[in-house]
Every structure is written in structure tokens, then in C-alpha cells.
Amino acid sequence: MGPPEAGGRMRPMNSVRVRFAPSPTGYLHVGGGRTALFNWLYARHHKGTFILRIEDTDRTRSTDEAIEQIFASLRWLGLDWDEVYRQTDRFDRHREVAVELTRRGAAYEKDGALWFRIPRDGATTVPDLLAGDVTVQHTELKDLVILRSDATPTYNFACVVDDHDMGITHVIRGAEHLNNTPKQILIYEALGWTPPAFAHVPLILGPDRTKLSKRHGAGSVLDYDQRGILPEALVNFLARLGWSHGDQEVFTRDELVALFDLPGVNTSAAVFDEEKLLWLNHEWLRRLDPHRLGDLLADRIVGRGVADRATVEAAGRDKLARAAVLLRERGKTLVEMADRARPYLPGPIALPDDARDLFTPDVRAALRILAVRVGELDDPTAHGFETALRRVADERGLPLKTLAPAVRVAVTGSRVGPGLFDVLSVAGPEIVAARVEAAAKEDRS
RNA sequence: GUCCCCGUCGUCCAGUGGCCUAGGAUACCGGGCUUUCAAUCCGGAAACGGGGGUUCGAAUCCCCCCGGGGACACCA
């Protein structure tokens, strides 16, 4: 028989119910993101329920903006929740239970606050699914406030009441809570309630090996979106921090749901390695559908001010998708890709000063001819451009090794980039002809 | 300081007593390919924290030490 929900409904006993319980005192950082992910994966894997509970009992530090940020972060990560609660909505219930605790002699009032009494003797064992049995002597514990002077409940207390009322079966949370658990178990026992199962997942550390926190800089989940990281990549990366499935590194969301379970989770803390995230992002960039990636690229181009919306729309979806396919081979983030997308969009290109040595009189003469040929090109594929380029080089007695870099710089403004003929083909004859002609007029001095 | 957790390449993981001359990934170094940069391919360097046990045999089990982290709020 499962515990009754707040409303009194009964639930089947075997169904998994887990919750992610962030406090809205700031943005959601990747540590919290991973805790949310593990809970979500566990729920989805076991066909259970994923509950989101906003722990806003600290009314002076909680903000609505933070709540919105948390929602937005979870949505971006693709972690959908089945139920959502706000702890402040349940204050009456918390007070009711506090009274019950007092009636049972487990709580007492002092200085206006209500305190929970820790039994003098004995010890409490947390049967942790990951760490094993963790026993703490009661002498190590101190009585704790459960109701503040202003009658609002504190974390360790509200948490117990809500986990119980909401029928939580597994509490999956960060290892920093392991020390709180004996106190919470004592509260369950004082109330005659059965505690849920606990699984304390290892911490995520910053480069300095201390718990990842806001002071490590780029901690916010949404920052990663800002930096051009794909949610697929962050989810994949976070999942692999503390969890594994053999030697597999790349996982789709569906694979994660199918494979994730608590027994596969580690017990030691992990350092957040930005380099590996970037590698995974690159992997995911290359796996995305071209048109979807093209759309993401289009937004990013506008967002970064590389080109305006009208220009991007004029280029068209197909062209953006083709450009994205070229760009993703050497970009690790959407930001890098967007910042290199200019060559594929209409408009002039600025030539770098240090590349002017490429435009010798011979080269400029060849470029003039090439511009004409490209204007008349009837096969605007990579192959068509290659043929045209080779022919001009041949006619002018210039090695391709000399002409190609000049054309590249003329069209893209850079000496490096994707395969030249692919670049020309995606940019298209019109853009190529105009830029090659403009470069041919460059007077190097 | 006290209590709790943890300890395999720089980093993330594999490894659950013999398949380990310890495997994969990333990052790094060298080479091939290429108009360039990537990608890719080939090669390289790189770890079981230390000491005791247990065992025919230990990265795997036990103990001690050392190291790292976390918690010690009317924060969560």
C-alpha cells in the first residue's frame, strides 16, 4: 500500500516517484542539472513519475525570476516533469505536522522557534543505494529548527513532509545531503513514517577540485546554450559524469533512458572537463539533421550580429543547412559556426591585411578571368567550381597551390576553412563572382 | 577541528580475484592524407596514493596511514 497523496488518492505501490527539488535562490547550475537529469532518467527508465518541487521555504532568498530560470533550464535540457509543486503552498500542512511532532514530544519550542529533538543515545543508519550503509552516532547530531520564529518550515523538515506526502519512493540527490539524511530519517521515525530509498550521487567538482558552484564561472545551464552547446551534448556529458555503460561515450536521449539505472552510478566525485564537453558537442553537431542545424545556425547568426534576419532569410533554409554541414566539421560550438558563416551570405567580404601578399599581378589577372567564368558557370556544384578553377590556373600557368588560397581569401576573407570547392558551391556563383572580382581589383601596396 | 564520503592515465570512465604486459574516451605529442584548417587514419607518452595483511594469485577483499572532497545555519 502506497502512502496517500496530499489529496488522499492512492497510488500503486511499485511505481517509481522521484523528485528534483531545487531552491530558487539563483540560476540552475550544471550540478543541479545533473541531479535533475539522473532523477528524470530514473523516472523515465522505470516508467515512473518525475516531480519538480520548488523549495522556496527561504522566502527572503527565493525569487520568481529564479523559478522561471529553472523552468527554462529544464525545458532546454528536455527534462519534462509530470507534477510540479511549490513548497510555500504547503506551509499549512508543514505546520500541521509540526504540531503533531510537538504532540508526540519530538519537538519543543525555544526562543519562538520549533526544534526537533535528536534522541540522546544510539545511532541512525542511512541505507544508501550507492554509498551503502552510512551510520551516524546521535551524539554527532544537534537538535534542529523545523519551524522558524516566523513559523515558516526549514529545509530538513519540509523536505521530509513533502517527500512523504508526495509518495516519493527514491530520493536521488547530491552527496552534500548525505549528512542531512540521518536527521531526516529521525523525523520520519518520529512521525511513524517509512522513509523512501536514498541515493546520494557524487558531487561535480570544478577545475580546482572543490564542489562546482556559481563561483566557478560558467555554471549556469543556460550559459551553455548561450555558448553554443547543444542540449543533446550537455545531457550526454552530464550523464557520463558519474555514470557509465561500458566504454560507450555517445548516447542519445533514448539510449540513456533505456540504459540508465542506479547500479551504474559511481560513488566518487568528478571534475567537470570543459574540453570533453566541447568534443561531445562537436560529435552532436555532426549528428544533427542538417536542416535542424541550419535553423539553429540561422538564429545564432542573427543573435551574434553576423548578419540580420532579412539576409539570413534571403539565403534560404537549404543554403543554411548546406553551410551548417560544412561549418560543423571544424566548429565545436554553434557560436564558432555562426561566427564563420559570413562567407556564405551575400555582401562584401573584408580581406585581411596579412593576406594581401597572395594577390600578385598574375593572380589578380587570373581572378579577373575566373570571375567571368564563374558568372557563366552552368554547373554550380563543387565539381563545377573545381573544373573552372583548374582550367583558369592551367591557362594562366599558375599552380593551383597558388590560385586556390587566393580564391579562398577573396571569397571567405580567411586562409583557413572547409574544402574550397565546397565553400564556393555553397556560397554560389553570384557571391563568388562578385568577391573574386572585387579581390582582383585589390591594389596591394 | 569533528563527523561522513571518496581515491585507476592531467581529466571522464571500464575493470566486481586469474582473461591486466590495466582497456576506452578526451586533452597532448609525432606521422600520413589535403590548397588551408578541420575531419580521418597510423603511432606515442600517460594511472591502479603508500604500507601491511588474506589468497596459489589482488586494481579488485580486510586493516592502517596519506591525500582529496563534503557536512557541521531559524540556507537548501
Side-chain angles (χ1 to χ4, degrees), chain A residues 21-26 32 54-58 60-62 87 110-115 126 128 130-132 134-137 139-142 144-159 173-183 200 202-205 207-211 237 239-250 263-264 266-280 282-283 286 326-332 336 340 358 386 389-390 393 399-409 412 414-421 423:
Chain A
S23 69
T25 52
I54 305 297
E55 309 233 321
D56 54 350
T57 55
D58 183 346
T60 57
R61 297 201 308 148
S62 301
Q87 224 157 28
K110 190 177 104 191
D111 300 337
L114 198 65
W115 295 70
V126 181
D128 193 89
L130 298 177
V134 178
T135 300
V136 174
Q137 300 299 320
T139 49
E140 299 298 332
L141 271 21
K142 291 190 294 192
L144 60 140
V145 170
I146 56 176
L147 236 42
R148 302 184 179 90
S149 315
D150 66 359
T152 58
T154 57
Y155 165 73
N156 281 118
F157 175 58
C159 180
R173 72 208 338 178
E176 73 268 27
H177 288 294
L178 185 53
N179 289 297
N180 286 323
T181 310
K183 298 179 220 168
H200 289 92
L203 261 20
I204 295 180
L205 274 24
D208 62 354
R209 305 204 64 95
T210 62
K211 185 171 77 160
F237 178 75
R240 280 286 288 106
L241 233 42
W243 173 85
S244 61
H245 177 70
D247 282 338
Q248 190 174 340
E249 296 286 351
V250 181
N266 261 166
T267 46
S268 53
V271 173
F272 191 95
D273 182 5
E274 293 268 347
E275 292 291 348
K276 192 156 183 180
L277 205 213
L278 252 20
W279 166 76
L280 253 184
H282 186 216
E283 289 297 312
R286 306 207 311 170
L326 290 189
L327 259 9
R328 68 177 170 184
E329 284 302 324
R330 52 225 87 203
K332 286 184 188 296
E336 282 181 7
R340 295 171 189 164
L358 292 171
E386 175 165 5
L389 206 67
R390 283 187 188 279
L400 195 62
K401 282 200 179 217
T402 304
L403 223 212
V407 174
R408 175 186 293 287
V409 168
T412 70
S414 168
R415 302 180 95 120
V416 301
L420 179 57
F421 309 124
V423 169

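Convention: sequence-line order gives letters A, B, ...; per-chain numbering from 1.
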Inset, instruction - For residues A:Asn180 and A:Tyr155, determine if any side-chain heavy atom of one lies less than 4.5 Å from a side-chain heavy atom of the other. - result: yes

Legend entry - Polar side-chain atom of A:Asp111 near backbone of A:Ala113 as donor-acceptor pair, under 3.5 Å: no

Inset, instruction - Look at all strands and tell whether A:Asp150 reaches a base, only sugar-phosphate, or nothing, counting heavy atoms closer than 4.0 Å. - result: nothing

Inset, instruction - For nucleotides B:U21 and B:C37, find the distance between their C1' atoms and express it as a whole number of Å. - result: 39 Å

Inset, instruction - Taking atom C1' in both B:G70 and B:A76, compute the distance separating them and give it to the nearest angstrom. - result: 15 Å

Legend entry - B:C66 - base-pair partner by Watson-Crick or wobble geometry, distances under 3.5 Å: B:G7

Inset, instruction - May I ask you to check whether A:Asp150 and A:Thr152 show a side-chain donor-acceptor distance below 3.5 Å? - result: yes

Inset, instruction - Provide, to the nearest angstrom, the distance between the CZ atom belonging to A:Phe237 and the C1' atom belonging to B:C13. - result: 11 Å

Inset, instruction - Examine distances only and state if a side-chain atom of A:Asp208 and a backbone atom of A:Thr210 form a donor-acceptor pair shorter than 3.5 Å. - result: yes

Legend entry - Interatomic distance at C1', B:U54 relative to B:A59, whole Å: 16 Å

Legend entry - 5' precedence on RNA chain B between A:Pro153 and A:Arg408 (nearest-nucleotide basis): A:Arg408

Inset, instruction - Ignoring hydrogens and angles, tell me if any N or O in the side chain of A:Arg340 forms a donor-acceptor pair with the backbone of A:Arg330 under 3.5 Å. - result: yes

Legend entry - Counter-base of B:G23, judged by Watson-Crick or G-U geometry with both distances under 3.5 Å: B:C13

Legend entry - Heavy-atom side-chain contact between A:Arg240 and A:Leu280 under 4.5 Å: no

Legend entry - Side-chain N,O (A:Arg286) to OP1/OP2 (B:U40) below 4.0 Å: yes

Inset, instruction - Using only side-chain N and O atoms of A:Asn156, determine if any of them is under 4.0 Å from OP1 or OP2 of B:A73. - result: no

Inset, instruction - Pick base, sugar-phosphate or nothing for A:Gly242, based on heavy-atom distances below 4.0 Å to the nucleic acid. - result: sugar-phosphate

Legend entry - Of the listed nucleotides B:G7, B:G24, B:A76, the one nearest the side chain of A:Thr267: B:G7

Inset, instruction - Evaluate the side-chain proximity of A:Leu277 to A:Phe272: yes if any heavy-atom separation is below 4.5 Å, no if none is. - result: yes

Inset, instruction - Between B:A76, B:U11, B:C13, spot the one nearest the side chain of A:Asn266, thanks. - result: B:C13

Inset, instruction - Please state how far atom CG in A:Leu277 lies from atom P in B:U11, giving the value in whole angstrom units. - result: 17 Å

Legend entry - Touch class at under 4.0 angstrom, heavy-atom based, for A:Leu400 against every strand present: nothing

Inset, instruction - Searching all strands shown, indicate the nucleotide that pairs with B:G1 (Watson-Crick or G-U wobble; both distances under 3.5 Å). - result: B:C72

Inset, instruction - Sticking with atom C1', work out how far B:G23 lies from B:C6, rounded to a whole angstrom. - result: 23 Å

Inset, instruction - Check whether any side-chain heavy atom of A:Lys183 sits under 4.5 Å from a side-chain heavy atom of A:Ile146, and report yes or no. - result: no

Inset, instruction - State, yes or no, whether a side-chain contact exists between A:Arg415 and A:Leu358 at a heavy-atom distance under 4.5 Å. - result: yes

Inset, instruction - Name the residue closer to the 5' end of RNA chain B, choosing between A:Asp58 and A:Glu249 according to the nucleotide with the nearest heavy atom. - result: A:Glu249

Inset, instruction - Indicate, with a heavy-atom threshold strictly under 4.0 Å, whether A:Ala270 touches base, sugar-phosphate, or nothing. - result: sugar-phosphate

Legend entry - Identity of whatever pairs with B:C33 - Watson-Crick or G-U, under 3.5 angstrom: none

Legend entry - side-chain N/O A:Lys332 vs B:A27 OP1/OP2, d < 4.0 Å: yes

Inset, instruction - Kindly say whether A:Gly331 contributes a backbone atom to a donor-acceptor pair with the side chain of A:Arg328 at under 3.5 angstrom? - result: no

Legend entry - Between B:G53 and B:A47 - P atom distance, rounded Å: 26 Å

Inset, instruction - Please report, rounded to the nearest Å, how far the C1' atom of B:A73 is from the CZ atom of A:Arg61. - result: 10 Å

Inset, instruction - Please work out if A:Thr57 contacts a base, only the sugar-phosphate, or nothing of the nucleic acid, heavy-atom cut-off 4.0 Å. - result: sugar-phosphate

Legend entry - Gap between atoms CG and P, on A:Asp128 and B:C6 respectively (whole Å): 9 Å

Legend entry - Rounded interatomic separation in angstrom, taking CZ from A:Phe272 and P from B:U26: 17 Å

Inset, instruction - Taking the side chain as every heavy atom from C-beta outward, state whether A:Arg209 and A:Val271 have any pair of such atoms under 4.5 Å apart. - result: yes

Legend entry - Pairwise P distance, B:C19 and B:A38 [rounded to whole Å]: 41 Å

Mind listing the N/O atom pairs, protein and nucleotides 70-72 of chain B, below 3.5 Å?
{"residue": "B:G70", "atom": "OP1", "partner": "A:Lys211", "partner atom": "N", "Å": "2.9"}
{"residue": "B:G70", "atom": "N2", "partner": "A:Asn179", "partner atom": "ND2", "Å": "3.2"}
{"residue": "B:A71", "atom": "OP1", "partner": "A:Lys211", "partner atom": "NZ", "Å": "3.0"}
{"residue": "B:A71", "atom": "O4'", "partner": "A:Asn179", "partner atom": "ND2", "Å": "3.2"}

Inset, instruction - Write down the partner of B:A39 under the Watson-Crick or G-U wobble criteria, each distance required to be under 3.5 Å. - result: none

Inset, instruction - Can you tell me, in whole Å, how much space there is between the P of B:G44 and that of B:A25? - result: 13 Å

Legend entry - Atom C1', compared across B:A22 and B:C13: separation rounded to whole Å: 14 Å

Inset, instruction - Confirm from the modelled atom types if A:Arg330 and B:C37 form a donor-acceptor pair under 3.5 Å, side chain to base only. - result: yes

Inset, instruction - Select base, sugar-phosphate, or nothing to describe what A:Pro399 touches, counting heavy atoms under 4.0 Å on all strands. - result: nothing

Legend entry - Side-chain donor/acceptor contact of A:Thr154 with base of B:C74 under 3.5 Å: no

Legend entry - Between P of B:A39 and CG of A:Leu278, the distance in whole Å: 12 Å

Legend entry - Short side-chain N/O contact to B:C4 OP1/OP2 from A:Thr135, under 4.0 Å: no

Legend entry - Spacing between A:Leu280 atom CG and B:A27 atom P, to the nearest angstrom: 10 Å

Legend entry - A:Ser244 side chain near B:A14 phosphate (N/O to OP1/OP2, under 4.0 Å): yes

Legend entry - Spacing between A:Glu275 atom CD and B:G10 atom P, to the nearest angstrom: 16 Å

Inset, instruction - Please give the nucleotide sitting opposite B:C28 as a Watson-Crick or G-U wobble pair, both distances under 3.5 Å, or none. - result: B:G44

Inset, instruction - Would you indicate what A:Gly246 reaches in the nucleic acid, counting non-hydrogen atoms under 4.0 angstrom: base, sugar-phosphate, or nothing? - result: sugar-phosphate

